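Order of the sequence lines sets the chain letters (A, B, ...), proteins ahead of strands, with each chain counted from 1. Worth knowing before you read on, the calculation uses all heavy atoms, side chains too, and leaves out hydrogens, waters and symmetry mates. The model shown is predicted, which means the values in this text are computed figures rather than measured ones.
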2 protein chains.
Amino acid sequence: MAEPRWLDEREMRAWSGFLAASALVNRRLDQQLKDDSGLSHPQYEILVRLAAAPGRELRMTELANGLINSKSGLTYQVTQMEKAGLVRRRSCPSDVRGVFAVLTDAGRAKLEEAAPGHVATVREVLVDVLTPEQLDALADGLGEVGRRLRGQGD
Amino acid sequence: MAEPRWLDEREMRAWSGFLAASALVNRRLDQQLKDDSGLSHPQYEILVRLAAAPGRELRMTELANGLINSKSGLTYQVTQMEKAGLVRRRSCPSDVRGVFAVLTDAGRAKLEEAAPGHVATVREVLVDVLTPEQLDALADGLGEVGRRLRGQGD
DNA sequence: CATGGGTTGTTCGAATTTGAATCACCCGCT
DNA sequence: AGCGGGTGATTCAAATTCGAACAACCCATG
């Protein structure tokens with residue numbers, strides 16, 4: 001790999017823009033969530049996924065594949081959230097090894113409390129800043145990026 | 001903030017695409033850099049910034065503002081990189097408190113060694129996946145996103 | 001029904017990150 | 001010169017992250 005194709009100016013702008021926005025947006029969301037509801041961004045994502053799941057429960061592995069963190073990272077977060085009463089563990093009847101994370105009523109309430117402020121921040125920092133055309137380009141382009149990485153990485 | 005404007009489908013696709021791509025791309029880059037050259041992504045960014053700076057040196061604060069991490073996080077990373085011989089600290093003559101991080105020859109060599117593989121990965125996971133139109137939309141849209149967050153956050 | 005390969009979730013230690021507190025210092029003002 | 005507010009960088013403890021190792025288990029195959 002001696003002399004690769006370096007990035008031209010257009011590519012460079014896109015890349016560094018993506019990198020910077022990625023870091024800044026994540027930082028801002030983390031801060032907003034923590035200030036506003038005492039949740040970390042990973043925890044919020046867990047709540048969202050569980051709330052959307054049938055029966056409001058998901059297997060640990062499914063939750064981890066969702067992304068965010070590694071398996072061990074998920075174990076840690078679920079333990080924290082269990083202490084806080086937001087989720088509950090339930091062992092899977094058909095597979096002794098399996099564990100469901102179940103959203104509690106308190107967890108659901110916490111999510112409903114946190115969601116409006118979160119959405120408002122998402123609009124403020126990203127969605128409302130972009131034109132509809134840019135939104136579509138993001139969805140299409142980054143959607144494909146995500147799809148490819150999911151295919152390989154797992 | 002009782003009932004905010006929720007995200008419609010277009011907005012939701014863009015947002016979750018951005019979130020997923022952001023996490024997956026970062027994870028992938030971290031892994032590639034670590035496997036390929038033993039650098040973390042934050043460390044690579046520090047090398048890049050220093051290499052591009054006049055005199056190949058920057059004040060700690062400028063480096064931290066670049067983003068990536070907090071001030072204390074930067075102190076930690078620079079200490080690690082100093083142990084590895086990639087950078088050197090130099091105190092600022094005009095301000096006793098000030099500290100410059102200076103890129104060493106070894107650091108420069110390390111960067112040149114790591115860059116081709118890094119660029120190839122950036123192409124593979126992002127740049128070459130997008131159309132030119134999508135690249136422009138990313139650059140324009142996310143550029144503005146970053147600009148706004150820089151304005152506020154500091 | 002035994003066996004081996006692949007899963008599932010947790011545990012462990014090491015590395016990294018963060019914010020708050022701290023120390024030393026610069027600068028403008030009186 | 002003497003103050004006081006603000007800045008630059010580090011230190012510290014606590015929280016979080018990851019990967020590797022682990023233990024327990026499922027299941028298809030012979």
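OP1 or OP2 of C/dT7 has not a single side-chain nitrogen or oxygen of A/Arg59 nearer than 4.0 Å. The side chain of B/Arg27 places no N or O atom within less than 4.0 Å of a non-bridging phosphate oxygen (OP1 or OP2) of D/dT17. Close to C/dG19, at under 4.0 Å from its OP1 or OP2, lies no side-chain N or O of A/Gln31. A/Thr75 has a side-chain polar atom (N or O) that falls below the 4.0 Å cut-off from OP1 or OP2 of C/dT10.
In this structure, B/Leu63 places its CG atom 14 Å from P of D/dG8, rounding to the nearest Å. Atoms CG (B/Asn69) and C1' (C/dA15) sit 14 Å apart, rounded to a whole Å. One interatomic measurement links the two molecules: OH of A/Tyr76 to P of C/dA15, which rounds to 19 Å at whole-angstrom precision. B/Asn26 has its CG atom 15 Å from the C1' atom of D/dC18, to the nearest Å. To the nearest angstrom, C1' of D/dA15 lies 16 Å from CE of A/Met81. Atoms NZ (A/Lys83) and C1' (D/dA14) sit 13 Å apart, rounded to a whole Å. Atom-to-atom, CG of A/Leu74 to P of D/dT17 comes out at 10 Å; the value is rounded to the nearest Å. Whole-Å rounding puts the A/Met60 CE to C/dT10 C1' distance at 9 Å.
Contact of the B/Met81 side chain with the B/Leu39 side chain is not registered, since no non-hydrogen atoms from C-beta on lie closer than 4.5 Å. B/Ser91 places none of its side-chain heavy atoms less than 4.5 Å from the side chain of B/Val96.
A/Leu135 approaches A/Leu130 most closely through the heavy-atom pair CD2-CD1, 3.9 Å. Of all the heavy atoms in B/Gly17 and A/Leu142, the pair that sits closest is O-CB, 3.9 Å. For the residue pair B/Gln77 and B/Pro42, the shortest heavy atom distance occurs at NE2-CB, 4.4 Å.
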At under 4.0 Å between heavy atoms, which parts of nucleotides 20-26 of chain C does protein reach? Answer with one letter per nucleotide, 5' to 3': B base, S sugar-phosphate only, - none.
----BBS
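Between B/Glu62 and A/Gln77, the residue anchored closer to the 5' end of DNA chain D is B/Glu62, taking for each the nucleotide with the nearest heavy atom.
Evaluation of the salt bridge (Lys or Arg N to Asp or Glu O under 4.0 Å) test over residues 88-104 of chain B, restricted to residues two or more places apart or in two chains, returns B/Glu57-B/Arg90, B/Glu82-B/Arg89, B/Asp95-B/Arg97.
For the residue pair A/Asp30 / A/Ser40, no side-chain donor-acceptor distance below 3.5 Å is found, with atom types taken as modelled.
Backbone-only contact: B/Gly98 has heavy atoms under 4.0 Å from sugar-phosphate atoms and none from a base.
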